[in-house]
A.B. asks: 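My questions will all concern the structure given below.
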Amino acid sequence: MERLAIFGGSPVRETPIFYGRQCIEQDDIDAVTETLKGDLITCGPKVEALEAKLCEVTGAKYAVVVANGTAALHLAALAAGFGEGDEVIVSSITFAASSNCVLYCGAKPVFADIRPDTYNIDPESVEKLITPRTKGIVAVDFTGQAVEHDAIRTICKKHNLILIEDAAHAIGTRYKGQPVGSIADMTCFSFHPVKTVTGGEGGAITTNDEQLYRRLMRVRTHGITRNPGEMVHPTDAKWYNEQVELGYNYRMTDFQAALLLSQLKKLPKFAARRKEVVEKYNKAFSEMPEIFVQREIPESDTTRHLYILRLNLDKLNCDRRQFFDALYAENTCPQVHYLPVYWHSYYEKLGYQKGICPNAEKYYEEVMSIPLYYSLTDADVEDVIHAVKKVVEYYRK
């Protein structure tokens, strides 16, 4: 239903444009249809082919495909050995799954603050939070920009910590020329429809460590193995399998894998278009003192999942909610990414309190995500820019 502009008159657009959207083309549909007509639609060859393709894309030695990004994080935390009494440092600005995966294993999330200009986890904040109980770090490539790997790896090496990179936003991103997915001990991806490539749902973990890989493969499928070398009671019987630990059913179907294989062929053009849109936004908004443009570190060649509009509220006669509602009324429909994780009511019940990450909390009060996806036309992008400028002019001091 069409929304009316709150300033009076007509909105910039007649139809709404949302912050994210998948791009499904005929070749994607054909790939899924072909698989659905085959003999195996789960536990089949497309999953193995997808894992091989992800190794090619990321440069990792091993890839384990799973049902979704949260499952990827959970299995990575399990394989890392996080458990009761352990502390794991996580970013404060991220989707809750980045922290929930620590809770799933019985460990305690410890929230690090973000840098105020890049919005990624601040290595200095991480260093200050390390205790004898710290076992690992879950570092989030927020918006798609790679974390500061050199600094974080130095911390991990110094304190003997395992690094899980939450790259749910970052497929296609490179750090110093090296693809995200081949740098951390384990890297987790999400293939939700608003991400750069999608399988409808889906996730993956990449690693260069064979031991971690074998554990991930096992816990993905109930903790059951067909490998005699992993069994307590080995046999060469072809029918025999053995549950050797408690695992989960986190498998992906073959038709999802087929869709992702088709999408990954188009990752270069998807990434290129996202970069074009980001460049247009940066050019338009960097000229406006009412808006801060996210800083990108030179080491990161970023395929951006989100474009964050951050308001300089000192120069506007409004708060974030008023600006958000005004932009929405222009049929440019933003979203907010994210509430500081420890502000969620569930985390409040666990004893977390406001005030522990001041940069993250200030960030949350000032931001929203505006449309960014492959199939945005140049006219769409201009409409978004026009809508933002219209709202800024209305609220300008």
Side-chain angles (χ1 to χ4, degrees), residues 1-24 69 93-96 119 142-145 168-169 190-198 200-201 270 273-286 288 290-294 303-313 316-340 343-344 363-396:
M1 185 172 66
E2 185 176 311
R3 286 168 289 277
L4 295 178
I6 63 174
F7 314 130
S10 300
V12 167
R13 291 182 59 89
E14 293 183 358
T15 56
I17 180 172
F18 297 97
Y19 87 91
R21 192 178 191 280
Q22 71 276 9
C23 175
I24 303 296
I93 295 295
T94 182
F95 186 62
Y119 318 147
F142 184 58
T143 73
Q145 179 174 194
H169 295 181
S190 168
F191 305 119
H192 182 276
V194 296
K195 302 304 197 301
T196 302
V197 295
T198 185
E201 283 284 358
F270 285 174
R273 179 55 180 164
R274 284 174 176 263
K275 289 178 181 181
E276 287 175 1
V277 176
V278 168
E279 186 177 354
K280 290 176 185 290
Y281 283 161
N282 284 346
K283 183 177 180 181
F285 301 139
S286 61
M288 302 174 66
E290 296 83 4
I291 293 173
F292 297 113
V293 172
Q294 180 182 4
T303 296
R304 195 80 70 87
H305 162 53
L306 297 173
Y307 191 93
I308 302 294
L309 197 68
R310 186 167 187 176
L311 306 179
N312 182 352
L313 294 175
L316 293 166
N317 283 310
C318 65
D319 59 19
R320 191 266 307 276
R321 173 63 187 274
Q322 291 170 305
F323 197 102
F324 182 100
D325 288 348
L327 200 55
Y328 204 89
E330 295 298 325
N331 275 327
T332 294
C333 305
Q335 184 54 275
V336 173
H337 299 91
Y338 296 96
L339 185 75
W343 279 19
H344 285 290
Y363 160 91
Y364 171 67
E365 299 292 349
E366 299 174 346
V367 297
M368 64 198 73
S369 304
I370 59 174
L372 177 61
Y373 49 89
Y374 169 74
S375 54
L376 282 175
T377 65
D378 287 346
D380 292 332
V381 174
E382 290 304 315
D383 282 349
V384 173
I385 292 169
H386 182 190
V388 171
K389 288 184 174 180
K390 181 178 178 181
V391 176
V392 165
E393 288 170 6
Y394 182 82
Y395 284 120
R396 180 177 285 143

A.B. asks: If the condition is side-chain hydrogen bond (donor to acceptor under 3.5 Å, both in side chains), which residues does Tyr281 pass it with, not counting sequence neighbours?
C.D. replies: none
A.B. asks: Just by distance, no angles: are the side chains of Thr143 and His169 close enough, under 3.5 Å, to form a donor-acceptor pair?
C.D. replies: no
A.B. asks: Under 6.0 Å from the CZ atom of Arg21, do we count more than 12 heavy atoms belonging to anything else shown?
C.D. replies: no
A.B. asks: Report the relative orientation of the aromatic rings in Tyr338 and Phe142; use parallel for angles under 30°, tilted for 30 to 60°, perpendicular for over 60°.
C.D. replies: tilted
A.B. asks: Determine, for Arg13 against Glu330, whether the closest basic-nitrogen to carboxylate-oxygen distance falls under 4.0 angstrom.
C.D. replies: no
A.B. asks: Within a 6.0 Å radius of atom CZ on Arg396, are there more than 12 heavy atoms belonging to other residues, nucleotides or ligands?
C.D. replies: yes
A.B. asks: Would you call the rings of Tyr364 and Trp343 parallel, tilted or perpendicular, where under 30° means parallel and over 60° means perpendicular?
C.D. replies: perpendicular
A.B. asks: Nearest 0.5 Å, please: how far is CD in Gln22 from CZ in Phe270?
C.D. replies: 10.5 Å
A.B. asks: Within the 3.5 Å criterion, strictly below it, is a donor on Tyr394 or Asn317 matched to an acceptor on the partner's side chain?
C.D. replies: no
A.B. asks: With rounding to the nearest 0.5 angstrom, report the CG to CD1 distance, Asn282 to Ile291.
C.D. replies: 11.0 Å
A.B. asks: Answer yes or no: is there an ion pair linking Asp378 with Arg273, defined by an N-O contact shorter than 4.0 Å?
C.D. replies: yes
A.B. asks: Are Arg320 and Glu366 ion-paired here, with the side-chain N under 4.0 Å from a carboxylate O?
C.D. replies: no
